[in-house]
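Reviewing the structure listed below.
These values consider heavy atoms only, across backbone and side chains, with no hydrogens, waters or symmetry-generated copies.
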Amino acid sequence: LPANAGDAALPVLKELSAGIKPAFGGALIRAAGRVAPEESEPLIRHIYETAPDREVKARALGVLYPGAPAQYGEVIDAWLTSEDAVHRHAGIIAAGSSGEITYVESLQRMLDPAESEEIICALLKGLGRLKAPLLNQTVRPYMNHPSDAVRRAALEGWEIIDDDSLRDTIQMLGDPSDVLCGLAKEKIQTAEYHNSMVLMESLNIARRKIHESIFDIIESLSIKDIDIIRFAQGQIEQCYQLLAGAQRLQQLPESPRRRIAVMSV
């Protein structure tokens, strides 16, 4: 939806907003948000005031927040501190959609492995939207969560910024969920940080699913043959060094220490 489509688009979007459902509500609100704020604000406020679903109301509230932070901030704060889980969930969604960085601390305090999957997912997504500092450290523990939804929310906020974060993403290529495997592959392919050596090093991981994804990534990134040759040379050199070390150990007198040392090589 182009930004100059307001006059034609807003009446249609308003008609579509009647009885709006959560999955469609987020898309409609994002579409309205691409129209000039002074034109879209009445529609988004209408959605906030009339939507029967609290999640849709929360998304609309987050978009409205920058225009009247004092007014809408009170509602978000009340929801975040509510004893009712439904209200807290809505507050998390609204805070994460608000663009207000000061909500990061509140959301981080609420993040607890003992919380429900729904709350954890909302918190991880909210922190991701707010570009929370040190986000990788926050989401890393949840990339091994039993829930597919939680792992996905963690991976969506994950950033590939160095070799370690690249290796963690490569491990996600072996996730039981094909959706998460595809998301991890996409993140590696579109990341600003790349290291072809780390990708090829990962071929040593004894998991076929990871191997197939790595080959696809190498092909899509057009990694040059010279990089593959250098990697192969390094692996061959390492093999010869280990072989030479084992041969030297075999020349030592027989003893328990010698046997252990040979086995360790």
Are any side-chain N or O atoms of Ser82 and backbone N or O atoms of Trp79, one a donor and one an acceptor, separated by less than 3.5 Å?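 No, Ser82 side chain to Trp79 backbone: no donor-acceptor pair under 3.5 Å.
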Do any N or O atoms from the side chain of Arg88 and from the backbone of Glu83 form a donor-acceptor pair under 3.5 angstrom? yes
Is a side-chain donor-acceptor pair under 3.5 Å present for Asp162 with Ser165? yes
For Thr102 and Glu100, test the side chains for any donor-to-acceptor distance below 3.5 angstrom and give the result as yes or no. yes
Rounded to the nearest 0.5 Å, what separates atom [atom1] in [X] from atom [atom2] in [Y]?
| X | Y | atom1 | atom2 | result |
| --- | --- | --- | --- | --- |
| Ile92 | Met110 | CD1 | CE | 3.5 Å |
| Leu166 | Glu201 | CG | CD | 9.0 Å |
| Leu111 | Ser106 | CG | OG | 12.5 Å |
| Leu180 | Leu155 | CG | CG | 5.5 Å |
| Gln108 | Thr138 | CD | OG1 | 4.5 Å |
| Leu199 | His194 | CG | NE2 | 7.5 Å |

Tell me the closest heavy-atom pair linking [X] and [Y], and the distance in Å.
| X | Y | result |
| --- | --- | --- |
| Ala90 | Arg54 | CB-CG, 3.5 Å |
| Ala132 | Val104 | CB-CG1, 3.7 Å |
| Ile44 | Ala32 | CG1-CB, 4.1 Å |
| Asp178 | Lys209 | OD1-NZ, 3.2 Å |
| Tyr65 | Gly73 | CE1-CA, 3.7 Å |
| Ile161 | Tyr193 | O-CD1, 3.7 Å |

Kindly determine whether Asp77 and Tyr103 satisfy side chain to side chain contact (heavy atoms under 4.5 Å, CB included), including the steps that lead there. CA-CA 9 Å; Asp77 293 340; Tyr103 279 120; 3.2 Å; yes
Can Val56 be reached from Val86 by stepping across I, L, V, M, F, W or Y side chains whose heavy atoms are under 4.5 Å apart? no
Tell me whether Val139 is reachable from Ile93 by hopping between hydrophobic residues (I, L, V, M, F, W, Y) whose side-chain heavy atoms are closer than 4.5 Å.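 Different clusters.
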With side chain to side chain contact (heavy atoms under 4.5 Å, CB included) as the test, pick out the partner of [X] among [options].
| X | options | answer |
| --- | --- | --- |
| Arg151 | Asn144, Val179, Asp175 | Asp175 |
| Ser213 | Ile218, Ile188, Ile170, Leu173 | Leu173 |
| Trp158 | Leu135, Leu183, Asp168, Leu124 | Asp168 |

For Glu49, is the CD atom crowded, meaning more than 12 foreign heavy atoms sit under 6.0 Å from it? yes
Could you go step by step and tell me if Gln171 and Arg207 meet the side chain to side chain contact (heavy atoms under 4.5 Å, CB included) rule? CA-CA 10 Å; Gln171 289 294 330; Arg207 298 176 70 180; 4.1 Å; yes
Please examine the side chains of Pro66 and Tyr72, heavy atoms only from C-beta on, and report whether any two atoms are closer than 4.5 Å.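 Answer no - side chains too far apart.
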